[in-house]
Student: 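Shown below is the structure under consideration.
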Protein chains: 2
Amino acid sequence: MAKQTVSIRARAPLAEPEAAEFAVLLKAVADPVRLRLVSLVAAHDGGEACVCDLTGAFDLSAPTISHHLKVLREAGVLDSERRGTWVHYRVRDDVLDRLAGMLGDLHRPAGPRLVSAGARR
Amino acid sequence: MAKQTVSIRARAPLAEPEAAEFAVLLKAVADPVRLRLVSLVAAHDGGEACVCDLTGAFDLSAPTISHHLKVLREAGVLDSERRGTWVHYRVRDDVLDRLAGMLGDLHRPAGPRLVSAGARR
DNA sequence: CGTCTAAGTTGACAGACGTCGAAGCAAAGG
DNA sequence: CCTTTGCTTCGACGTCTGTCAACTTAGACG
């Protein structure tokens with residue numbers, strides 16, 4: 001009788017296009033400054049913050065902060081909206097959820113999920 | 001009676017040292033090739049794979065694959081062990097869990113966790 | 001030992017990245 | 001209209017990163 005070990009690692013590996021897509025998100029977040037920026041925006045009351053709330057937390061010039069915010073915005077991690085004089089940033093919760101879910105799924109065997117894909121709110 | 005809206009965003013923002021630490025992990029994974037490498041290793045039978053199992057999936061030279069594996073190893077995402085002629089790589093599940101957990105926590109309000117911090121296995 | 005195969009190291013190079021100062025644009029208030 | 005304040009864009013600079021060809025190291029097997 002053959003070996004019959006049902007593979008414990010049944011999940012299919014990431015295809016190249018998916019990997020490329022996630023890599024864009026990961027690259028955006030893979031920087032101490034940008035990670036803290038996301039964290040600061042998420043932790044801010046109401047889940048949004050204007051740039052003026054953020055610059056004080058860093059020893060960096062305003063253009064540099066603006067640059068990092070642009071990277072996060074273009075990657076889809078943050079949304080921005082101008083209201084009067086101030087520009088408000090907000091975290092794309094769904095995007096962060098997809099990212100966290102993908103990383104969790106990587107090493108977790110296929111089957112019933114522990115966490116539902118949608119965010120709880 | 002006062003409004004009593006307990007701030008929905010109570011989680012403290014990431015401190016700089018934590019951010020730097022996580023950024024190292026994220027940088028390691030924030031590359032299409034490395035993301036697929038991790039995925040391939042994780043999806044491989046037994047949760048481990050030798051380099052010879054991996055090189056075929058890419059249009060890259062062996063030194064380049066070796067370089068990416070080194071980055072992942074030094075960041076702590078992968079473990080490697082030489083057994084005879086072959087070097088076997090394995091995913092550090094705990095590390096990936098910490099990463100996924102951190103990203104999930106970023107935008108999720110503080111309070112009772114949905115997922116226990118330790119991996120289920 | 002000699003040789004073959006697997007994997008890693010070195011050195012080089014083009015391109016991407018993080019940072020800043022200076023200049024630009026947008027809204028609000030004189 | 002002019003000025004001020006908040007934020008972004010531009011241009012430049014040094015550093016880091018992904019890639020390869022060439023070479024080296026580590027075991028296995030005669």
Side-chain angles (χ1 to χ4, degrees), chain A residues 14 16 19-41 44 48-91, chain B residues 14 16 19-41 44 48-91:
Chain A
L14 247 52
E16 202 280 323
E21 191 187 340
F22 279 118
V24 170
L25 289 178
L26 286 167
K27 258 195 232 295
V29 172
D31 177 281
V33 174
R34 291 197 288 267
L35 196 52
R36 284 182 67 208
L37 278 172
V38 173
S39 166
L40 282 167
V41 171
H44 208 265
E48 71 173 38
C50 78
V51 181
C52 56
D53 293 324
L54 305 170
T55 46
F58 302 88
D59 261 348
L60 294 171
S61 68
T64 299
I65 299 294
S66 195
H67 162 70
H68 285 305
L69 288 171
K70 181 182 191 173
V71 171
L72 290 166
R73 200 180 346 116
E74 291 187 337
V77 178
L78 295 183
D79 265 346
S80 72
E81 185 192 353
R82 172 157 221 140
R83 285 206 291 277
T85 307
W86 294 276
V87 176
H88 295 255
Y89 280 83
R90 148 177 307 279
V91 176
Chain B
L14 246 52
E16 202 281 322
E21 191 187 340
F22 279 119
V24 170
L25 290 178
L26 286 167
K27 259 193 229 296
V29 172
D31 177 281
V33 174
R34 292 199 288 269
L35 196 52
R36 284 183 66 209
L37 278 172
V38 173
S39 167
L40 282 168
V41 171
H44 208 265
E48 69 174 39
C50 79
V51 181
C52 57
D53 294 323
L54 304 171
T55 46
F58 303 88
D59 261 348
L60 294 171
S61 68
T64 299
I65 300 294
S66 197
H67 161 71
H68 285 304
L69 288 172
K70 182 181 189 173
V71 171
L72 289 166
R73 199 177 351 113
E74 290 186 337
V77 178
L78 295 183
D79 264 347
S80 72
E81 186 191 353
R82 173 156 221 142
R83 285 205 290 277
T85 308
W86 294 276
V87 176
H88 295 256
Y89 280 83
R90 145 177 309 279
V91 175

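Every chain is numbered from 1 and lettered A, B, ... according to where its sequence line falls, protein lines coming before strand lines. Only heavy atoms go into these numbers, but all of them, side chains included; no hydrogens, no water, no symmetry mates.
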Student: Report which part of the nucleic acid Ser66(A) touches: base, sugar-phosphate, or nothing (heavy-atom distance under 4.0 Å, all strands).
Tutor: base

Student: Within the structure shown, what part of the strands sits under 4.0 Å from Ile65(B) by heavy-atom distance: base, sugar-phosphate, or nothing?
Tutor: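 Here Ile65(B) touches no strand at all.
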
Student: Look at the side chain of Arg34(B) and the backbone N and O of His68(B), then say whether any donor-acceptor pair between them is shorter than 3.5 Å.
Tutor: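 Not confirmed, Arg34(B) side chain does not pair with His68(B) backbone.
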
Student: Is there a donor-acceptor pair closer than 3.5 Å between any side-chain N or O of Arg90(B) and the backbone N or O of Glu48(B)?
Tutor: no

Student: Among the candidates dA7(C), dA28(D), dG18(D), find the nucleotide nearest to the side-chain atoms of His67(B).
Tutor: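 Taking heavy atoms from C-beta onward, the closest nucleotide is dG18(D).
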
Student: To the nearest Å, give me how far apart CG (Asp31(B)) and C1' (dA16(C)) are.
Tutor: 12 Å

Student: If you pin Gly84(A) and Val33(A) to their nearest nucleotides in DNA chain C, which one's is more 5'?
Tutor: Val33(A)

Student: Trp86(B) has a side chain; which of dC7(D), dA7(C), dC17(C) sits nearest to it?
Tutor: dA7(C)

Student: Would the distance check show the side chain of Arg36(A) and the main-chain N or O of Phe58(A) forming a donor-acceptor pair, the cut-off being under 3.5 Å?
Tutor: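 No; judged by distance alone, with no hydrogens or angles, the pair does not exist.
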
Student: Can you see if the side chain of Ser61(B) gets near the phosphate of dC20(D) - specifically, an N or O under 4.0 Å from OP1 or OP2?
Tutor: yes

Student: Could you walk me through whether Leu37(A) and Leu54(A) pass side-chain contact (heavy atoms from CB on, under 4.5 Å), step by step?
Tutor: CA-CA 7 Å; Leu37(A) 278 172; Leu54(A) 305 170; 4.0 Å; yes

Student: Within the structure shown, what part of the strands sits under 4.0 Å from Thr64(A) by heavy-atom distance: base, sugar-phosphate, or nothing?
Tutor: base

Student: Would you say the side chain of Leu35(A) lies within less than 4.5 Å of the side chain of Pro32(A), judging by non-hydrogen atoms?
Tutor: no

Student: Out of dT8(D), dT19(D), dG18(C), which nucleotide sits closest to the side chain of Leu60(B)?
Tutor: dT19(D)

Student: Tell me which of Tyr89(B) and Arg82(A) sits closer to the 5' end of DNA chain C, going by the nucleotide each one is nearest to.
Tutor: Tyr89(B)

Student: Please determine if a side-chain N or O atom of His68(B) lies less than 4.0 Å away from the OP1 or OP2 oxygen of dT19(D).
Tutor: yes

Student: Specify the separation, in whole Å, of atom NE2 of His88(B) and atom P of dA6(C).
Tutor: 13 Å

Student: Side chain of Thr85(B) only, heavy atoms from C-beta on: which candidate in dA6(C), dT8(D), dA27(C) is closest?
Tutor: dA6(C)

Student: Can you figure out which of dA6(C), dG18(C), dC20(D) approaches the side chain of Arg34(A) most closely?
Tutor: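 Out of dA6(C), dG18(C), dC20(D), the nucleotide with an atom closest to Arg34(A)'s side chain is dG18(C).
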
Student: Just N and O in the side chain of Lys70(B): are any of them under 4.0 Å from OP1 or OP2 of dT9(C)?
Tutor: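 Answer yes for this pair, as a side-chain N or O of Lys70(B) is under 4.0 Å from OP1 or OP2.
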
Student: DNA chain D: Asp53(A) or Arg83(B), which has the more 5' nearest nucleotide?
Tutor: Asp53(A)

